[in-house]
Protein chains: 2
Amino acid sequence: MAVTIRDVAKAAGVSASTVSRALSGSELVDPRTREHVLRVADELGYVPNRAARGLITGRTGNLGLILPDLANPFFPEVVKGVQARAREADYSVFLADTDEDPTAELGLVRALAKQVDGIILCSPRMSTEDMRAAATCSCVVAVNRRGAQVPAITIDNVDGMRQAMAHLAALEHRRIGYVAGPRSSWSNRERARGIRLAAEAEGVELVEVGHVPPRFEGGVAAADLVVAAKVTAVVAYNDLVAMGLMSRLASRGIAVPQEISVVGIDDIPLAGMFTPGLTTVSVPKEQCGRAAVELLLKLLDEPGVRAPRREVPTQLLVRDTTTVARRSP
Amino acid sequence: MAVTIRDVAKAAGVSASTVSRALSGSELVDPRTREHVLRVADELGYVPNRAARGLITGRTGNLGLILPDLANPFFPEVVKGVQARAREADYSVFLADTDEDPTAELGLVRALAKQVDGIILCSPRMSTEDMRAAATCSCVVAVNRRGAQVPAITIDNVDGMRQAMAHLAALEHRRIGYVAGPRSSWSNRERARGIRLAAEAEGVELVEVGHVPPRFEGGVAAADLVVAAKVTAVVAYNDLVAMGLMSRLASRGIAVPQEISVVGIDDIPLAGMFTPGLTTVSVPKEQCGRAAVELLLKLLDEPGVRAPRREVPTQLLVRDTTTVARRSP
DNA sequence: CTGAAAGCGCTAACAC
DNA sequence: GTGTTAGCGCTTTCAG
């Protein structure tokens, strides 16, 4: 059926080992032999069987990527980054979407563990305990999540919130809302922490509003609470929540930004499509994906390193716009 | 390191074959022995190595999914469908995003072929020739693409266009635009064909506007052409294009739907978030994904079947809304 | 520099 | 019912 290394060997008049060596670029083979073998392999359309190779080398050349919800526009960007970097390193990527079910994640890690060299875990809500367990199954890198001494790529949430708050404070807002995301989410905890610090530093009154799902509907649900809180500006857990917020505000006839300024986080593509363009804290999503692969590859090369971490910067992006100076009272 | 079938065999006091049989649920093993083996395997935390199994059975238990652009909100839904169905059948999914580069697709198919039992190809712009080549590498199912006798899941584009056109005609529109997608896209050809048929059937004048990339920016770019075409309604190649269209119309101060009615296609989640909610031809994206896996599994079971196809229905979704009756002249 | 042989973890004939 | 043997496609000693 498929052409194997032995077919190539026979056709080239050499042994299988020589073919193997020639293909893996070993120096222990005569350049002329290599040349010849390579040409024959190419003519026969030989493609090495990675599974068979993996069986003996212990390396599969595969990566696993686990995420909570591909429908959240944040993640496709991360995936693209992971893909791109993985392909450069000649790795393939297994993708698993848990449908926001943190209890399914460990099972997926286990199932994937044998087929991959490492796993990138975007699991904001996984328990520390499960993280630890996951890390024992395979080489794991977490994204936007710290804990259990697992190597991680995170974004600088605290600085992002500082920027958002500084922007609003400069616009004279003095009473500002924060629409919190899922209680168990690491990102939410960091963002809440960051905005509290920033509020204090700026001398601004902070009103925290409910915990909502990190989706459009979450924002819709929070809008009335935000209005009741009588704030002049609000920062949402993420862009999707911000959009839901704005949608509901619009249907109540409350003008953004004239009556309430809104700031999101993530800078999902959608944020730039809306009118008015959403002011948001931009997160380099694709870069997060790339960085995660990068870290994983390094870990695979030098397993000695312990729990390295990398934090990528965030950048406030003022669009055209959902924030204005507070109206004089 | 990892616990193998032989470790289990030794610990259970049986041979490796018996363990293999017990685990694969073969009837040729004493129920008591099976019970015992299963318990021992569980205690040892044994997880079978699928790659090794695949080497001998010829089945990997993996699927490949290739798509042009995960950033298009259409695809994450398809992926979720594929994932869900694959998981039910205990399959894992390789994902590859080609970044809208049709020439990269064949290479990805080749690279993946050895590691999967079948490949789901969402490649609206791949050449028929390449499709044929892809189909020789692996068991391939195409999504939203016909040609080269490859089994396919498609949506009923023609009927979708008929519904859209019937809706607009019922609203008394008599001169209607179509913003075409990529020239090489199968979906675009079908949609163009459908709308032409429908326009003729309804006695409506159809104006086709340029070929644009299937993205938000494509719609932005087409908006001015649409205005110049003096139509009272327009159907866009997809929702993303429709949103771009509306965005540009808004900034030119042209009211939707009062001055121009807009209809999209796909029903991406975004379409329901916008205000006004976009009227669109809804496509069961997740179902497409599930159906593709379903078809693939069937093909793997009975390789005799030749080029089966399945078409899923589409449904016009009138939201609250981007379409109104034409103003009396 | 190259070939022969062993074996990665697993399953499928074939014996018993 | 169960164990033994062979071998999937590949890499890697170990000899030559």
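Labels below follow one simple rule: chain letters A, B, ... track the order of the sequence lines, proteins then strands, and each chain is numbered from 1. Since we're looking at a predicted model, the values are computed, not measured.
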Here's a test for you: under side-chain contact (heavy atoms from CB on, under 4.5 Å), which of Asn144(A), Leu67(A), Asp69(A) qualifies with Phe74(A)? Asn144(A)

Do Arg21(B) and dG3(D) share a donor-acceptor pair, side chain to base, under 3.5 Å? yes

Find which nucleotide of DNA chain D each of Ile56(B) and Val14(B) is nearest to by heavy atoms, and output the residue with the more 5' nucleotide. Val14(B)

Side-chain N,O (Arg6(A)) to OP1/OP2 (dC8(D)) below 4.0 Å: yes

Hydrogens and angles aside, do Thr18(A) and Ser15(A) bring a side-chain donor and acceptor to less than 3.5 Å of each other? yes

Verify the neighbour count for atom CZ of Arg189(B): are there more than 12 heavy atoms of other residues, nucleotides or ligands below 6.0 Å? yes

Once you round it to whole Å, what is the distance between C1' of dG9(D) and CD of Gln115(B)? 13 Å

Side-chain H-bond candidate by donor/acceptor type, Thr154(B) with Arg146(B), under 3.5 Å: yes

dC8(D) C1' sits how many Å from Asp7(A) CG, rounded? 13 Å

Ser24(B) near the nucleic acid: base, sugar-phosphate alone, or nothing, with a heavy-atom cut-off under 4.0 Å? nothing

Distance check needed: dG3(D) P versus Leu28(B) CG, whole Å only. 13 Å

Under 4.0 Å from any heavy atom of chain B: name the first and the last nucleotide of DNA chain C that qualifies, 5' to 3'. dC8(C) to dA13(C)

Lys/Arg-Asp/Glu bridge criterion (N-O < 4.0 Å) met for Arg132(A), Glu129(A): no

Would you call Arg85(B)-Glu88(B) a salt bridge at under 4.0 Å N-O? yes

side-chain N/O Ser17(B) vs dT4(D) OP1/OP2, d < 4.0 Å: no

Between dG9(D) atom P and Tyr46(A) atom OH, what is the distance in whole Å? 10 Å

Side-chain contact check for Leu55(B): nearest option of dG9(D), dC10(D), dT2(D) is dG9(D)

